[in-house]
J.: 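Mind looking over this structure? Questions follow.
Letters A, B, ... are given to chains in the order of the sequence lines, protein chains preceding strands, and every chain is numbered from 1.
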Amino acid sequence: MNKEFKVLARPYMVWLSVLVFVPILAMILISISNLNSSVSVGELMISFSHFKLLLESSTLIAFRNSLVFATLTTLLSFVLGYFIAYEIKLSKFKNKFILLTIVILPMWSNLILRTESLANIMSENNILKSILGFNLFGNISGTGVAVLFGLVFTYMPFMILSVYTALEKIDFALEEAALDLGLSPIKKFWKVVFPLSLKGVVTGSIMVFLPTLAGFAIPKILSRGRIVFIGTIIENKFVYTNYNHGALLAVVILFFILGSILLLTKFDKEGETLL
Amino acid sequence: MENKKPLIELKNISKSYDDEVVVNDVNLTIYENEFLTLLGPSGCGKTTILRMIAGFIKPEAGEVIINGKIFNDLPAYARPIHTVFQKYALFPHLNVIDNVAFGLNNRSWEYLESFFGKDKIEKEAKELGDISKKTIIRKAIKNLIYKDSEQALKLVKLEGFKKRKVDQLSGGQQQRVALARALVNKPQILLLDEPLAALDLKLRQNMQYELKEMQRNLGITFLFVTHDQEEAMTMSDRIVVMKEGVIQQLGTPKSIYNEPINRYVANFIGETNILKGTYIKKDTVNFLGVDFKCMGYTFNDNEEVDVVIRPEDFDVVDTDKAKLVGEVVFSLFKGVHNEYEVLVKNEKLLVHTYESYEVGQPIGLTIDPYEIHMMKVEKGE
C-alpha cells in the first residue's frame with residue numbers, strides 16, 4: 001500500500017484499537033473473571049464459577065427466543081424483501097433511486113422512537129384508532145407477533161437493498177439467453193435470476209439476522225418485557241453491575257457473529273454485495 | 001437458390017423507437033441451409049431485425065414467418081431458434097458443460113422424448129437397467145443430454161474444458177462455449193449477433209473459417225449480423241447491406257463487391273474509386289475526359305453516371321500505351337501488393353498493383369471494359 005495512505009489510515013487504526021479491540025479484549029478478560037460490583041480490586045481473579053449461568057433455564061430460553069425470532073425475522077424479510085426488491089428491479093419507473101429512498105425512509109427517524117410509536121399503535125387505544133375508526137393492528141402489543149412485526153419492519157430494508165443490488169448486477173443478456181434456450185419466464189427466474197441473486201440474499205440475511213439476534217430494544221418495547229431476548233439479559237446484567245455475567249453472554253454472542261461473518265466471506269469472496 | 005425452401009420470411013416489417021424508424025418496411029426471405037449476413041454500420045437496424053426473429057422484440061407492422069407460420073406473437077422461448085449473443089451471455093453460476101446442457105436440462109419430458117427419439121432413449125436405458133422404471137429413463141435422458149453436450153464441446157474444440165468455470169476462459173473460448181450451447185439444441189436457425197467483434201484479429205479470422213465450415217457441415221441456417229465487410233465477404237452465401245433501416249442491396253458477396261447498386265454500398269464494401277462520368281452511347285463511357293469501352297450496361301445516351309473502379313482493376317502500363325496518365329503522390333507497401341494514390345486530372349485514384357513506383361513518378365493506367373462498373377446517379381447528390 002502507498003505510504004501516504006498508510007499515514008491516512010492511522011487515525012482509523014487508533015480508533016479501531018481504542019474503541020473495538022481493547023473493549024473486546026477487556027470483555028473477554030472480564031468474562032473469565034469474578035468482576036462484579038461487590039468485588040473490590042484486591043479480590044479480582046480468574047473465575048469460571050459463573051459459567052453455570054450458561055446452563056440456567058432463563059439464559060437458555062433467552063437464547064432460544066433470540067434464535068427463533070432472528071430466524072423468523074430473516075425468513076420473513078427474505079420472502080417479503082426479495083419480492084419487493086424484484087418488483088423495484090422490474091419497475092419501469094425511471095428514478096429507482098426514489099423507490100429505494102422510500103424503502104430506507106423509516107431509518108431516518110430514531111429507532112427507539114419508531115419502536116415506541118409502533119408499540120403505541122399496536123395497543124388498545126391509540127391515535128390511529130381515533131383517526132381510522134378501527135384498530136389497524138388489533139390489540140397485539142405485548143405478543144410475539146408484535147415483536148416479529150417490529151423486527152421485520154426495522155430490518156427488512158437491509159434485505160431489500162442487498163437483494164436489489166445483486167439483482168441489478170445480473171446482465172439482462174443472461175435472461176434473454178435463458179428465454180432463447182427455451183426456458184419459460186418462471187423457469188428463467190428459478191434457474192438464472194434466483195441463483196445469481198443468492199449472494200445478495202446471504203448478505204441481506206446476515207444483515208438482518210445479526211442485529212435481531214443481539215438486539216434488545218425492539219423486543220423489550222414491543223413485548224412489554226414479556227419476551228426476553230439474550231440482549232435483554234446482557235443489558236440487565238450490566239445495568240445491575242454483574243459485569244462478568246454480562247461479558248460472558250456477550251462473548252457467546254460474539255462467536256455467533258464471527259461465525260456468520262465467516263459464512264459471509266465464504267459466499268462472497270469479493271465483498272461486492274456488501275456495497 | 002430458386003429451388004431452395006424458404007425458412008424465414010420477413011414481410012413489410014417495421015419498428016421504431018421514440019419516433020425514430022430503425023427498421024423500415026423490410027422484406028427478406030432466408031432459405032434453408034444458407035449463410036446470410038446482415039451488414040451495415042451500427043444503428044442501421046440489423047440487430048433489431050435479428051431480435052425480431054429471435055422473439056425479443058415485436059415488429060410494429062408486418063409479419064415474421066418461419067416455416068410458413070406467422071411467428072409475430074410467439075415468445076422467444078417457443079421458437080426453434082437460438083442466438084449466439086454479442087457478449088456471449090454465459091451463465092456465471094454454471095461450469096462449461098452445464099452451460100452447454102442448460103437448454104436441454106430445462107426442457108420438458110415430452111420435448112426431450114421427441115428430441116432424442118424413443119428408440120435412442122430406450123437403448124440408453126437398457127444399458128442402465130430396468131427400462132420400465134421412470135428413474136432409469138430419466139437417467140438415460142440425462143446421459144444423452146450430457147453426451148450431446150460433450151459432442152457439442154468437441155465440435156467447438158473445447159473437450160478438455162468441461163469442468164471449468166466460465167470466468168476462467170478466454171474470450172475466444174467463451175465464444176465457443178456460447179456456440180456449443182446454441183448448437184447442442186439442434187436449432188433450425190442460428191442467429192449470431194456480432195459474435196466475433198470482441199476477438200482479436202487472428203482469432204477472428206480462424207473463427208470465420210470455422211463458423212463457415214460448421215454451417216456447411218451441420219446444415220443449419222446461419223443468420224449473421226456484422227458491421228465488418230471483410231467478415232461478411234469471407235463467410236456469407238448472401239449478404240444484405242443495410243442503411244438506416246432499409247435494405248440497400250441483397251446478393252452474393254461477389255455481386256455486391258463487383259456490382260454495387262449505389263455509392264453507399266460501393267463505399268461500404270471495400271476500398272473503391274467512384275468517379276463522375278457520362279454514358280455517351282452503347283458500350284462507351286466518358287470519365288476523366290477520356291472515352292472508355294464498357295460492356296453490359298444500358299443507360300440513356302449522354303446520361304450522367306457514377307463509375308466504380310476497384311483499385312485492383314487498374315492495369316498499370318507504360319505511359320505511351322496508357323489511357324490515363326497520372327503522377328504517384330503517395331505509396332504504401334502492403335505486403336502482397338503496393339497501394340498508390342495517383343493524381344489524374346485533379347482526381348485522386350486508389351490503385352493496387354504489384355509493380356513498384358516511386359512518389360513523383362509518372363504512371364500509366366488502363367482499364368478493361370468488363371472492370372468498369374456504372375451506377376445510376378442518386379438524386380440529391
Side-chain angles (χ1 to χ4, degrees), chain A residues 78 82 85-86 89-96 162-206 263-275, chain B residues 47 50-51 53-57 74-94 98-108 110-112 115 145 149 152 165-167 174 177-187 189-195 198:
Chain A
F78 159 61
Y82 198 102
Y86 196 65
K89 195 216 163 194
L90 288 186
S91 91
K92 298 264 191 299
F93 197 60
K94 283 261 161 55
N95 200 342
K96 291 188 180 171
S162 57
V163 171
Y164 175 78
T165 315
L167 284 174
E168 266 305 301
K169 278 187 187 152
I170 299 174
D171 186 357
F172 187 64
L174 293 178
E175 297 187 43
E176 284 194 338
L179 292 177
D180 188 78
L181 288 165
L183 275 76
S184 64
I186 292 169
K187 237 179 168 177
K188 174 200 84 182
F189 173 81
W190 287 112
K191 294 290 179 175
V192 176
V193 178
F194 187 68
L196 288 175
S197 64
L198 263 184
K199 269 184 183 179
V201 173
V202 172
T203 313
S205 298
I206 284 168
L263 196 73
L264 176 69
T265 49
K266 215 184 142 193
F267 269 94
D268 187 10
K269 291 198 177 75
E270 306 94 42
E272 55 187 51
T273 44
L274 274 175
L275 295 169
Chain B
T47 300
L50 194 85
R51 290 171 62 82
I53 295 173
F56 297 130
I57 334 179
L74 210 65
Y77 63 85
R79 301 188 181 201
I81 298 170
H82 294 293
T83 310
V84 175
F85 292 85
Q86 189 169 7
K87 292 200 180 94
Y88 324 137
L90 298 178
F91 302 115
H93 59 300
L94 302 174
D98 285 332
N99 259 285
V100 177
F102 188 81
L104 291 176
N105 268 340
N106 289 299
R107 289 288 187 180
S108 69
E110 293 79 30
Y111 181 93
L112 291 167
F115 181 81
I145 289 175
S149 303
K165 287 187 114 186
V166 289
D167 55 11
Q174 290 192 21
V177 176
L179 203 58
R181 185 178 68 175
L183 288 174
V184 76
N185 300 289
K186 304 199 167 57
I189 306 151
L190 189 65
L191 308 178
L192 301 108
D193 185 8
E194 306 222 14

J.: Pair Tyr86(A), Tyr164(A) - check ring pair (Phe, Tyr, Trp, His ring centres under 6.0 Å), show working.
T.: CA-CA 7 Å; Tyr86(A) 196 65; Tyr164(A) 175 78; over 10 Å; no

J.: By a 4.5 Å heavy-atom criterion (distance strictly below it), what part of Leu191(B) contacts chain A: side chain, backbone, both, or neither?
T.: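 Neither part.
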
J.: Are Glu175(A) and Lys89(A) close enough for a salt bridge, meaning some N to O gap below 4.0 Å?
T.: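 So Glu175(A) pairs with Lys89(A) through a salt bridge.
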
J.: Determine the option with the most heavy-atom pairs under 4.5 angstrom with chain B, choosing from Pro195(A), Ser184(A), Ala173(A).
T.: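 Going by pairs under 4.5 Å, I would pick Ser184(A).
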
J.: Check whether NZ of the Lys or CZ of the Arg Arg181(B) lies under 6.0 Å from the centre of the six-membered ring of Tyr88(B) and within 45 degrees of that ring's axis.
T.: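 No, Arg181(B) does not lie over the aromatic ring of Tyr88(B).
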
J.: Between NZ of Lys191(A) and NE2 of His93(B), what distance do you get to the nearest 0.5 Å?
T.: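 If we round to the nearest 0.5 Å, Lys191(A):NZ and His93(B):NE2 are 8.5 Å apart.
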
J.: Which bit of Asp180(A) is near chain B, if near means a heavy-atom gap under 4.5 Å: side chain, backbone, both or neither?
T.: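 The answer is both parts of Asp180(A).
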
J.: Less than 4.5 Å to any heavy atom of chain A: does that hold for the side chain of Asn185(B), its backbone, both, or neither?
T.: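 For Asn185(B), the contact with chain A is made by the side chain alone.
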
J.: Below 4.5 Å from any heavy atom of chain A, which atoms of Leu104(B) appear? Answer side chain, backbone, both or neither.
T.: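 Neither part.
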
J.: At a 4.5 Å cut-off on heavy atoms, which part of Phe91(B) comes close to chain A: side chain, backbone, both, or neither?
T.: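 When you check distances to chain A, atoms from both the backbone and side chain of Phe91(B) fall under 4.5 Å.
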
J.: Are Phe102(B) and Leu181(A) close enough that some pair of their side-chain heavy atoms sits under 4.5 Å apart?
T.: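 Side-chain contact under 4.5 Å: yes.
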
